[in-house]
Amino acid sequence: MAPDRPPVAAPLRPRALSGIQPTAGSFHLGNYLGAIRQYVALQETHDAFYMVVDLHAITVPQDPAELRANTRLAAAQLLAAGLDPERCTLFIQSHVPEHAQLGWVMNCLTGFGEASRMTQFKDKSAKQGADRATVGLFTYPVLQVADILLYQADAVPVGEDQRQHIELTRDLAERFNTRFGDTFTIPAPHIVKEVAKIYDLQDPAIKMSKSASTPKGLINLLDEPKTTAKKVKSAVTDTDTVIRFDPVDKPGVSNLLTIYSTLTGKAIADLEKEYEGRMYGALKTDLAEVMVEFVTPFRTRTQEYLDDPGTLDSILAKGAEKARAVAAETLATTFDRMGFLPAKH
Ligand code: TRP
């Protein structure tokens with residue numbers, strides 16, 4: 001009789017899992033305030049797994065040397081931002097082969113039409129030109145499903161733009177569980193509503209992103225602090241002079257207030273009072289200082305990890321080992337449930 005594998009043991013704390021792409025070089029302020037701060041906070045309440053998703057990075061053309069450097073850089077920045085290898089599991093996706101393996105299984109459960117409805121694919125393939133887009137880009141969300149299900153994650157901290165991929169994850173987990181027996185935890189997106197949305201400093205109508213209107217609109221955390229201060233001081237405001245939070249009529253000033261408030265923990269209403277009757281210049285000068293105080297130690301810590309690749313590699317090796325223990329167990333159960341003949345070693 002086939003052994004009836006017990007479901008994967010539930011961890012004591014709820015599990016959180018997220019991934020970040022190693023494509024950008026420096027993280028920007030939007031990444032940090034929107035996602036990475038969440039990662040850091042969840043270490044305290046969850047059994048958290050975070051990975052640098054290098055397999056996802058090759059869904060668009062990449063340069064090998066750049067990918068290698070950016071993968072290290074992403075890990076170093078996550079550590080510099082406060083991920084603590086004693087309190088979470090930080091690893092590189094390609095170090096855990098189970099991602100690609102479960103990815104294949106999930107590909108075989110996903111409807112072609114279902115995958116075709118993923119809006120991020122539509123956007124990205126439109127940007128590339130439809131005939132240059134790869135099949136890998138098409139199945140990108142399915143690999144993400146595997147990332148999440150391998151760890152039996154309860155919560156997936158992501159931005160609003162990832163909601164559809166988490167929905168797909170839930171659908172596929174339910175489909176598998178219905179067809180083959182309870183195997184996967186159904187995850188929920190952890191999208192913090194009041195998380196600050198940060199806009200481009202030169203064009204506050206668009207989200208801060210690395211495809212910014214101009215480099216002046218984007219705060220890269222690894223920029224020279226001087227450059228950062230300059231960007232803050234030349235942020236677009238308006239011709240009025242009142243410092244008031246009003247995203248519709250005063251998007252530039254409101255964006256500065258949001259950043260200020262998020263970095264210092266001061267309430268926006270208090271900032272409005274503090275700056276009553278003062279000029280935009282005063283707000284910008286103070287915010288520039290706050291920013292410099294924030295980015296300076298971040299840059300130093302990142303550089304320390306980069307200067308000591310032995311330590312970084314050993315953190316990532318330990319992370320991969322911890323991750324693999326969980327992933328291998330889930331994959332074995334999955335294969336067994338699907339009817340794959342067990343390999344005899
Ligand atoms: N697609 C995510 C993004 O672009 C990155 C990602 C890959 C991810 N795998 C994941 C996020 C698993 C959460 C969970 O931001």
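Because only heavy atoms are used, hydrogens play no part in the values below, and waters and symmetry mates are left out as well, while side chains stay in. Numbering of ligands and ligand atoms starts at 1, following listing order.
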Practice prompt. Look at D47 together with R15 and state whether they make a salt bridge at an N to O cut-off of under 4.0 Å.
Written response: yes

Fill in: Check ion pair E276-K273 (N to O, under 4.0 angstrom)
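No, no charged N to carboxylate O under 4.0 Å.
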
Numbering the atoms of ligand 1 from 1, which are under 4.0 Å from a heavy atom of [X]?
| X | value |
| --- | --- |
| V53 | 7 (C), 9 (N) |
| S18 | 11 (C), 13 (C), 14 (C) |
| Y140 | 1 (N), 2 (C), 3 (C), 4 (O), 5 (C) |
| V156 | 13 (C), 14 (C) |
| V158 | 11 (C), 13 (C) |
| I148 | 12 (C), 14 (C) |
| L17 | 12 (C), 14 (C) |

Discussion item. Classify the ring geometry of F91 against F49: parallel below 30°, tilted from 30° to 60°, perpendicular beyond 60°.
Written reply: perpendicular

Worksheet item: Between Y39 and Y50, what is the ring plane arrangement, given parallel below 30°, perpendicular above 60°, and tilted in between?
Response: parallel

Worksheet item: Counting heavy atoms only, which part of L143 comes closer than 4.0 Å to ligand 1: side chain, backbone, both or neither?
Response: neither

Worksheet item: Applying a 4.0 Å heavy-atom criterion (strictly less than), which segment of D161 is in contact with ligand 1: side chain, backbone, both, or neither?
Response: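 Contact part for D161 vs ligand 1: neither.
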
Worksheet, complete the sentence: protein heavy-atom neighbour closest to atom 6 (C) of ligand 1 works out as G19 O, 3.7 Å

Worksheet item: Considering only protein heavy atoms, which is closest to atom 10 (C) of ligand 1, and at what distance to one decimal place?
Response: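 Minimum-distance protein heavy atom for atom 10 (C) of ligand 1 reads Q144 CG, 3.4 Å.
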
May I ask you to check whether over 12 heavy atoms, not counting those of [X], lie within 6.0 Å of atom [atom1]?
| X | atom1 | result |
| --- | --- | --- |
| E289 | CD | no |
| R278 | CZ | yes |
| K124 | NZ | yes |
| K207 | NZ | no |

Discussion item. Please give me the minimum heavy-atom distance between Q120 and Q162, naming the atom from each residue.
Written reply: NE2-NE2, 3.3 Å

Worksheet item: D147 to ligand 1: N or O pair under 3.5 Å?
Response: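 N/O-N/O distance under 3.5 Å: yes.
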
Discussion item. Going by the closest heavy atom to atom 15 (O) of ligand 1, which one wins out of Q162, M51, H165, H56?
Written reply: Q162

